[in-house]
Amino acid sequence: MIATIPHRRSITDTSQSTFAQSKSINIGDCQWTEGFWAKKFRQCEEVMIPYMGALLQGDIGHAYNNFKIAAGLMQGEAKGMLWHDGDFYKWMEAAIHVYGNTGNESVIAGFDDIIKVIGQAQEADGYLSTHVQIKGLGRWTKVTNHELYNSGHLITGACLHFRVTGKTNWLDIAIKHADYLGDVFEPQTEALARFGFNPSQIMALVELYRTTGEKRYLKLAETFVNMRGSVPLELHPSVPYWFTGDQCQMKTPLRQETEATGHAVTGMYLYAGAADVYAETGEKELLDALKRIWSSAIERKMYITGALGQVHHGARDDQNMIHEGFVDDYLMPNSTAYNETCANIANAMFNWRMLSITGEAKYAEIIELVLFNSALVGISADGKHYFYANPLRMTHGAREYTNDPDCTESAEREPYIPCFCCPPNLVRTIAKVSGWAYSLREDGIAINLYGGNKLKTTFLDGAQIELAQVTDYPWEGRVEVQIKACPDTPFSLYARIPAWAEGTRVFINGTEVNEPVAPGTFLRLHRGWRAGDRLTLEMPMEPRLVEGHPRIEEVRNQVAVMRGPLVYCIESPDLPEGTSILDVYLSGDHPLRPVHQRELLGGITTISAELKLRKHPDAGMYHRMQRPEWERREASFVPYYAWSNRGKSEMTVWVPVLWS
């Protein structure tokens, strides 16, 4: 293994990545202390991880049973989806993140026994994918068997387990498996060139390279990037007809790609993996492609919540059937929006890597948008119920699904979803958010995310720095950064000014700074700092109305309500009984008033607004319009992430607006 170097215990170990402009802090360097993320992290530790662990190690989730069956330790059939191994590894990874932050042994109790069983399930040559093994499906016969997806989460979890615990028992399994993958795929045969669908293994192999220093793993990661679009589009026995072309990002070689295409999750995993490869190789052609793809995904295909994947089923063109993915620019349905929780999280993962590569604030902006909205909506207030799909409108009588309709059709979060990829993905994300809060720069440190926390780390030159954030963000816009300890020599603090935060004022020890404060950038404050210094940001938090691009037909003449980084929605529990969400119009002339309600859904800020309600006639698909009659009513908008916690309800983010 590589000798111990500072910042090797990070989520993405960029400490030695030549082409990363900012570097990751160690897991545990930043810890939430109070407020929004502290509450979520504590719930993750005390509720989310234990509940999910009981599911996955029991007969409902069955994932651990699959390993036992593959290991010959019990009899039975493989249950769950073909990618269920990966779901189990993600739950384990979530527990490792919590342990790395708290030292709480109970969250990883029994892991040595679990890892032993995983090792027993592994074949002698390194192969491991329990469904294929138990069912006798044959290795590498179908891309949709998700073998490489399972590989990626196996290797990623092993790297993090080693970084946090220092143990090699899981890492040894991962190395054996990665060596097997090299033996299979490095010959780069045409028959296997289509494999890589759902490519979590690219990110994982780069992390294994970073962990061990073995360049063969980086080379293999680059091989998987190069495979995309390297073979003809005609049908092949390993690829079902509905998984050809753009669906698997196989129509165009990645370096030639101009837009985000195909399955949203697999696409973002591919782009994130390619960004990891760039951080090590510095290949300009790769970065140029990633910037084009980012612009396509974020600027023309992303929902206001940071969600990705406009449709469950659709078509990209006459050659490409699309499943759970991207379609045309500005085609943004609301009630049928797919927006898989995994795709939204993968959006944040891709942007985290682009932030590391470039240091640009726009990538941190998307991370924050996703975390507070399209990611967090995937789990209930009690931490035990889950969404798979995340539409922006829900109406009774229409097709009601917030979980994958291939598995569970439901208008509410479920305690277990047969397609269980999203819940552990979200729980591991909540567990690791503190590791994204700061980045190290050559001349100091950048504040990416705001929330009550304490930071104790070292600069890249080894000097120690201790900070504390005191804030009730995102409910309030005041953030105080207290310097607890720092070097005597000058250094820079980079404070991210959100793009929405026009009019932000910044103070050092009570005196307003002279530097221009530009929304959507990092404000660089370079000076001789001292213990006891205070950096204060005052970000305006007035509610605001947001409209969509005129080409988004689904939201023309409608607005969404935002406050700070939060997207809001109107939900039927806050409307008169019997009122449909489709009867709601917003009075644009009436002021929007934030109200913090400490007893509602764990403590949230709602936005009081004047609505105008109109009963629509039940007169067929089309009818002659009569002059509307309006009923005025005060009602509250709630944060989008918090909807569907008060029983089955209707909801909409976008509402028509009326002006006098």
**Q.** salt bridge (Lys or Arg N to Asp or Glu O under 4.0 Å) assessment of Lys39 paired with Glu34
**A.** CA-CA 7 Å; Lys39 291 179 181 178; Glu34 61 180 1; over 6 Å; no

Name each donor-acceptor pair under 3.5 Å that joins a side chain in residues 354-362 to protein atoms two or more places apart or in another chain, with its distance.
{"residue": "Ser356", "atom": "OG", "partner": "Trp352", "partner atom": "O", "Å": "3.1"}
{"residue": "Thr358", "atom": "OG1", "partner": "Met354", "partner atom": "O", "Å": "2.8"}
{"residue": "Thr358", "atom": "OG1", "partner": "Glu360", "partner atom": "N", "Å": "3.1"}

Q. Looking only at heavy atoms, which two atoms of Val567 and Met562 are closest? And how far apart?
A. CG2-CE, 3.7 Å

Q) Does Phe326 have Arg300 sitting over its ring (NZ/CZ under 6.0 Å from centre, angle to axis within 45°)? A) no

Q.
I need the minimum non-hydrogen distance between Gln469 and Gly451, along with the two atoms involved.
A. OE1-N, 3.0 Å

Q: Applying side chain to side chain contact (heavy atoms under 4.5 Å, CB included) between Leu582 and each of Arg393, Glu650, His396, Arg614, report the one that passes.
A: Arg393

Q.
If you compare all heavy atoms of Ile11 against all heavy atoms of Gly435, which two are closest, and at what distance to 0.1 Å?
A. CD1-CA, 3.7 Å

Side-chain donor-acceptor pairs of residues 419-426 under 3.5 Å, sequence neighbours excluded:
{"residue": "Asn425", "atom": "OD1", "partner": "Arg428", "partner atom": "NE", "Å": "2.9"}
{"residue": "Asn425", "atom": "OD1", "partner": "Arg428", "partner atom": "NH2", "Å": "3.1"}
{"residue": "Asn425", "atom": "ND2", "partner": "Tyr269", "partner atom": "OH", "Å": "3.3"}

Q. Does NZ or CZ of Arg478 lie under 6.0 Å from the centre of the six-membered ring of Tyr473, at an angle within 45° of the ring axis?
A. no

**Q.** Within residues 588-612 or reaching into it, pairs that qualify as salt bridge (charged side-chain N to carboxylate O under 4.0 Å, His left out) - sequence neighbours excluded
**A.** Glu610-Arg632

Q.
Tell me whether Glu466 is salt-bridged to Lys454, with the criterion being a basic N under 4.0 Å from an acidic carboxylate O.
A. no

Q | Considering all heavy atoms, the nearest Ile367-Ala348 contact | A | CG1-O, 3.7 Å

(Q) Ring centres under 6.0 Å, that's the criterion: do Tyr271 and Trp294 meet it? (A) no

Q: Find out whether the Lys NZ or Arg CZ of Arg413 is both under 6.0 angstrom from the six-membered ring centre of Phe387 and within 45° of the ring's axis.
A: yes

Q.
Aromatic contact between Phe36 and Tyr641, with the criterion being ring centroids under 6.0 Å apart: yes or no?
A. yes

